[in-house]
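So the structure is just underneath, and the comments pick up after that.
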Amino acid sequence: MAVAWLLVCHGLITALVVVSFLCGQWPIFQNTPIQRIHHFLTFGAYDYFIRCVGYILGEKGTNVIRSVEYFCCDRPNPILQIIYLSILGATYYFIASSSFKYIPGYYLSEVHRYMSLLGIAIGVVLFLLTSYTDPGTVKAENVSQYIAAYPYDNMIYTERECSTCKILKPARSKHCSICDRCVARFDHHCGWMNNCIGEKNTRYFMAFLLWHFFLCLYGTVALGLILAGRLKELKVVYILTVYYGIENSFRSLAPHVVQWLLGAYNTQILLMVFLSIVSLLVGGFFGYHANLCRTNTTTNETFKWQDYISWQRKLKEAKASVAALKAGINGMSSESKAPESKWKAFFRRSPLEDAETVVKNNMYDKGIIHNIWEIITPLSTRRSFSRTKSKAG
């Protein structure tokens with residue numbers, strides 16, 4: 001029993017470390033323990049490692065580490081793509097080798113052997129589509145069309161030139177420092193895909209997330225049904241109640257059933273825990289991006305709006321403070337004004353409270369149906385975009 005629980009604890013800790021390392025920077029984990037673990041694994045531990053290498057090997061050793069870091073983190077590379085395919089292949093291998101022998105079973109038919117393989121294949125296809133589809137690269141040849149498709153709102157986007165590409169930056173675009181290109185309707189650079197997520201491949205990215213959420217959920221439920229089927233086929237409850245005299249109630253049977261499952265099917269249980277955790281993570285990430293699509297906002301724009309609203313709020317508070325200061329000076333200079341009651345002064349509103357509230361005004365949000373349709377059929381793939389291109393030519 002102790003060994004079985006030790007295996008479960010080991011699996012949970014391993015899953016926590018892996019998830020924190022690979023996904024801790026996702027917005028849904030902001031200000032959570034997972035983000036802090038990610039920060040330690042990627043910055044704190046790395047900083048100590050660099051110091052240790054410098055102490056042992058000197059400057060040459062640290063330069064080698066910096067070069068590897070540059071290749072892995074600052075330039076396009078397939079490392080996370082390989083890790084994704086490795087995780088997918090290893091998980092499917094362990095499921096197939098440990099659990100396919102119980103299919104068909106009491107609850108699952110033979111068809112699930114082939115459905116699981118089909119699900120993996122579709123997941124890989126969506127992965128390849130997201131990874132290798134042009135996200136919407138802005139070039140001198142198409143910049144005028146993208147400017148027409150995405151007008152400036154003169155709030156978070158104003159007309160200016162890209163300092164690297166030396167062309168006008170269309171609204172909603174950003175120059176990706178990793179890919180070294182301007183991307184239309186830029187959302188973020190995804191290391192897992194080794195590609196930017198932009199106007200043309202957001203639909204594949206969303207389909208990838210949704211499909212992998214259901215795929216992990218399907219794997220968790222299928223493994224659970226396999227274990228439930230083994231309980232039925234081996235008559236475990238009957239044996240525990242008849243031969244061992246255990247009371248036929250959930251409270252009495254549960255500890256013994258769990259102990260038996262952990263001893264006989266610990267691989268399946270560890271896989272269930274892993275798949276359930278991944279399904280929650282992918283589901284949460286999909287929900288976050290689905291909400292962005294609903295409001296026609298990108299991850300990049302959420303940060304831009306935060307900065308803009310914060311700046312506007314400080315500006316309005318500064319103006320209110322200046323106005324209050326002027327009013328105070330004028331009041332002090334007025335000799336005819338009667339002294340103000342202390343109680344009235346105590347309950348008087350602060351001038352900062354009278355500052356206008358800054359409201360987010362997203363001109364690109366045109367309603368949920370239009371917003372979702374813009375994801376499914378990007379503006380640059382429509383005929384109107386082609387007509388604008390021919391006029392510009």
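Values in this document were obtained by computation on a predicted structure and should not be read as measured data. The analysis underlying the following values was restricted to heavy atoms, covering all of them including side chains, and did not include hydrogens, waters or symmetry mates.
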If hydrophobic clusters are built from ILVMFWY residues whose side chains come within less than 4.5 Å, do [X] and [Y] share one?
X      : Y      : result
Trp211 : Tyr114 : no
Phe214 : Ile87  : yes
Leu217 : Ile103 : yes
Tyr48  : Tyr55  : no
Val278 : Leu85  : yes

Does either side chain, that of [X] or that of [Y], offer a donor lying less than 3.5 Å from an acceptor on the other one?
X      : Y      : value
Arg382 : Thr377 : yes
His175 : Asp180 : yes
Arg230 : Tyr265 : yes
Asn291 : Arg294 : yes

Please confirm whether the ring centroid of Tyr84 lies under 6.0 Å from the ring centroid of Phe208.
yes
Ring-ring centroid check His188 Phe205, cutoff 6.0 Å
yes
Looking only at non-hydrogen atoms, find the nearest pair between [X] and [Y] and report the distance.
X      : Y      : value
Thr62  : Gly54  : CG2-CA, 3.5 Å
Arg185 : Thr297 : NH2-O, 4.0 Å
Val282 : Leu209 : CG1-O, 3.1 Å
Ser279 : Phe213 : O-CD1, 3.1 Å

Cation over ring face, Arg172 and Tyr364, 6.0 Å, 45°
yes
Please say whether more than 12 non-hydrogen atoms of neighbouring residues, nucleotides or ligands are located less than 6.0 Å from [atom1] in [X].
X      : atom1 : answer
Tyr102 : OH    : yes
Tyr107 : OH    : yes
Lys174 : NZ    : no
Glu233 : CD    : yes
Glu59  : CD    : no
Tyr132 : OH    : no

Mind checking whether [X] and [Y] have side chains closer than 4.5 Å, heavy atoms only?
X      : Y      : result
Thr299 : Tyr288 : yes
Cys52  : Ile56  : yes
Phe49  : Ile65  : yes
Met272 : Leu227 : yes
Ser116 : Phe100 : yes
Leu80  : Trp192 : yes
Ile178 : Pro76  : yes
Val138 : Pro170 : yes

Hey, does the side chain of [X] reach the backbone of [Y] with a donor-acceptor pair shorter than 3.5 angstrom?
X      : Y      : value
Asn201 : Ser131 : no
Thr295 : Leu292 : yes
Gln81  : Met193 : yes
Ser67  : Asn63  : yes
Arg203 : Ile376 : yes
Lys235 : Lys232 : no
Thr381 : Pro378 : yes
Asn142 : Thr137 : yes
Glu199 : Leu379 : yes
Ser173 : Lys169 : no

Pairwise distance [atom1]([X]) to [atom2]([Y]) - rounded to 0.5 angstrom:
X      : Y      : atom1 : atom2 : value
Leu262 : Gln259 : CG    : CD    : 8.0 Å
Thr220 : Leu225 : OG1   : CG    : 11.0 Å
Ser249 : Arg251 : OG    : CZ    : 8.5 Å
Thr298 : Ile197 : OG1   : CD1   : 12.0 Å
His370 : Asp365 : NE2   : CG    : 10.5 Å
Met155 : Gln312 : CE    : CD    : 9.5 Å

Salt bridge flag under 4.0 Å for residues Lys304 and Glu301:
no
Before you tell me yes or no, could you show the steps for Ile120 and Leu215 under side-chain contact (heavy atoms from CB on, under 4.5 Å), namely the whole-Å CA-CA distance, both residues' side-chain angles and the distance that decides it to 0.1 Å?
CA-CA 8 Å; Ile120 294 293; Leu215 190 62; 4.0 Å; yes
Could you walk me through whether Leu271 and Ser98 satisfy the side-chain contact (heavy atoms from CB on, under 4.5 Å) test, starting with their C-alpha distance in whole Å, then the side-chain angles of each, then the deciding distance to 0.1 Å, before giving a yes or no?
CA-CA 10 Å; Leu271 287 168; Ser98 65; 4.1 Å; yes
Check the pair Leu275 / Tyr218 against side-chain contact (heavy atoms from CB on, under 4.5 Å), numbers first and verdict last.
CA-CA 9 Å; Leu275 289 175; Tyr218 167 67; over 6 Å; no
Please walk me through it: do Lys200 and Ser380 pass side-chain contact (heavy atoms from CB on, under 4.5 Å)?
CA-CA 8 Å; Lys200 290 184 178 179; Ser380 63; 3.1 Å; yes
